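Lettering of chains follows the sequences in order, A, B, ..., and the numbering in each one begins at 1. Heavy atoms only: backbone and side chains are in, while hydrogens, waters and symmetry mates are out. Model, not experiment: these values are computed from the prediction.
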There are 2 protein chains.
Amino acid sequence: MEFEIDFRSKTPSYQQLAGKIRQAIAAGQYAADDKLPSLKRFTQETGLAQGTVQKAIKLLEAEGLIYTVNGRGTFVTGPPRSLSA
Amino acid sequence: MEFEIDFRSKTPSYQQLAGKIRQAIAAGQYAADDKLPSLKRFTQETGLAQGTVQKAIKLLEAEGLIYTVNGRGTFVTGPPRSLSA
DNA sequence: AGATATTTGTTCGTATGTATC
DNA sequence: GGATACATACGAACAAATATC
């Protein structure tokens with residue numbers, strides 16, 4: 001029930017999901033460079049369509065919280081590395 | 001033919017469209033706070049689905065180049081106002 | 001090398017909701 | 001109320017990149 005969506009809420013599903021993922025990361029459930037569940041697993045656990053899950057992911061990616069790699073998965077952004085040099 | 005899409009290109013349609021719009025703005029075809037064509041008009045002129053057009057729009061919005069208002073339309077972002085004070 | 005599976009990326013068509021005109 | 005315009009969401013299909021066998 002980790003990422004459950006309230007379909008009767010007026011808050012859009014993708015925002016709800018983004019919030020839950022944000023919380024999970026903030027709670028230390030996923031560390032830097034840890035892999036998040038796949039889109040498919042999110043669709044299964046939430047009942048949302050892939051496009052909707054992806055929208056949540058892209059939102060967090062825009063925030064710089066996570067990053068995605070085609071063919072590999074979605075990962076938590078690590079703390080800023082010391083700038084080159 | 002203003003915003004024509006090359007469907008044989010390897011560049012995704014939404015990126016192509018975003019590029020064309022970016023150019024049109026850079027070319028001074030739309031001034032600050034000018035209204036861009038509606039999603040519907042873009043779908044008609046390009047042959048793309050609404051979701052794809054919207055993806056292009058959201059990309060430019062993320063860049064800060066344009067902004068959208070539900071029920072009104074999409075507009076060109078003006079030059080930065082002097083910071084409050 | 002090749003086949004297969006997994007995972008994210010792109011795109012369509014459609015429907016409905018919300019806001020504005 | 002009606003028309004217009006952007007927002008959310010579904011289901012489906014296929015492409016592209018990666019991983020595994």
Side-chain angles (χ1 to χ4, degrees), chain A residues 2-22 24-25 30 33-78, chain B residues 2-22 24-25 30 33-78:
Chain A
E2 170 87 70
F3 300 104
E4 198 165 12
I5 301 300
D6 175 10
F7 291 96
R8 299 183 317 302
S9 168
K10 27 181 180 32
T11 303
S13 305
Y14 77 95
Q15 284 181 23
Q16 285 184 52
L17 177 56
K20 305 254 185 188
I21 298 174
R22 217 183 275 116
I25 294 175
Y30 297 96
D33 291 314
D34 269 4
K35 188 177 176 300
L36 293 179
S38 68
L39 294 184
K40 185 168 190 181
R41 285 200 39 88
F42 271 127
T43 65
Q44 291 166 345
E45 290 200 13
T46 61
L48 298 174
Q50 181 194 287
T52 306
V53 172
Q54 214 160 4
K55 203 164 175 179
I57 295 293
K58 286 303 168 191
L59 185 59
L60 299 177
E61 196 172 7
E63 292 175 7
L65 193 62
I66 62 181
Y67 63 96
T68 64
V69 183
N70 189 355
R72 297 224 297 133
T74 306
F75 307 86
V76 176
T77 303
Chain B
E2 171 86 70
F3 301 103
E4 198 166 12
I5 301 300
D6 174 11
F7 290 99
R8 299 184 318 302
S9 168
K10 25 179 184 34
T11 303
S13 306
Y14 78 95
Q15 285 179 21
Q16 285 184 51
L17 177 56
K20 305 255 184 189
I21 297 175
R22 217 183 275 116
I25 293 175
Y30 297 97
D33 292 314
D34 268 7
K35 187 177 176 304
L36 294 179
S38 68
L39 294 185
K40 185 167 192 181
R41 284 194 45 85
F42 272 126
T43 66
Q44 290 165 346
E45 289 202 12
T46 61
L48 297 175
Q50 182 194 286
T52 306
V53 172
Q54 215 159 3
K55 206 166 172 176
I57 295 292
K58 286 303 169 190
L59 185 59
L60 299 177
E61 196 173 5
E63 292 176 7
L65 193 62
I66 63 180
Y67 63 95
T68 64
V69 183
N70 190 353
R72 296 224 292 136
T74 304
F75 308 86
V76 177
T77 303

Heavy-atom closest pair (B:Leu60 atom, B:Arg22 atom, distance to 0.1 Å) is CD2-NE, 3.7 Å
It should be established whether [X] places a side-chain nitrogen or oxygen under 4.0 Å from OP1 or OP2 of nucleotide [N].
| X | N | value |
| --- | --- | --- |
| A:Thr68 | C:dT7 | no |
| A:Ser13 | D:dA9 | yes |
| A:Tyr14 | D:dA9 | no |
| B:Thr52 | C:dC12 | yes |
| B:Thr74 | D:dA5 | no |

Side chains of [X] and [Y] in contact at under 4.5 Å (non-hydrogen atoms):
| X | Y | answer |
| --- | --- | --- |
| B:Lys58 | B:Thr68 | yes |
| A:Phe7 | A:Leu48 | yes |
| A:Ile25 | A:Asp34 | no |
| B:Tyr30 | B:Ile66 | no |
| B:Phe3 | B:Leu17 | yes |
| B:Tyr14 | B:Ile5 | no |
| A:Glu45 | A:Pro37 | no |
| B:Val53 | B:Gln50 | no |

Students should find that the end-to-end axis angle of the helix from C:dG2-D:dC21 to C:dC21-D:dG2, with five pairs defining each axis and rounding to 10 degrees, is 10°
Distance in angstrom units between [X] [atom1] and [N] [atom2], rounded:
| X | N | atom1 | atom2 | value |
| --- | --- | --- | --- | --- |
| A:Gln44 | C:dT7 | CD | P | 10 Å |
| B:Leu59 | C:dT11 | CG | C1' | 16 Å |
| A:Lys40 | D:dA12 | NZ | P | 13 Å |
| B:Lys55 | C:dT8 | NZ | P | 14 Å |
| A:Gln50 | D:dG11 | CD | C1' | 11 Å |
| B:Ile57 | D:dC6 | CD1 | C1' | 10 Å |
| B:Ile66 | D:dC6 | CD1 | C1' | 12 Å |
| A:Tyr67 | C:dT8 | OH | P | 13 Å |

Q) Within the side chain of A:Lys20, is there an N or O that forms a donor-acceptor pair under 3.5 Å with the backbone of A:Glu4? A) yes
Ranking A:Phe7 and B:Lys35 by the position along DNA chain D of their nearest nucleotide, the one closer to 5' is B:Lys35
Between B:Gly51 and A:Gly73, whichever has its closest DNA chain C nucleotide further toward 5' is A:Gly73
Might you list the N or O atoms of the protein lying below 3.5 Å from N or O atoms in nucleotides 15-21 of chain D, with each pair's distance?
{"from": "D:dA17", "atom 1": "O4'", "to": "A:Asn70", "atom 2": "ND2", "distance (Å)": "3.4"}

Testing C:dT11, D:dC6, D:dA9 for proximity to the side chain of B:Ser38, the answer is D:dC6
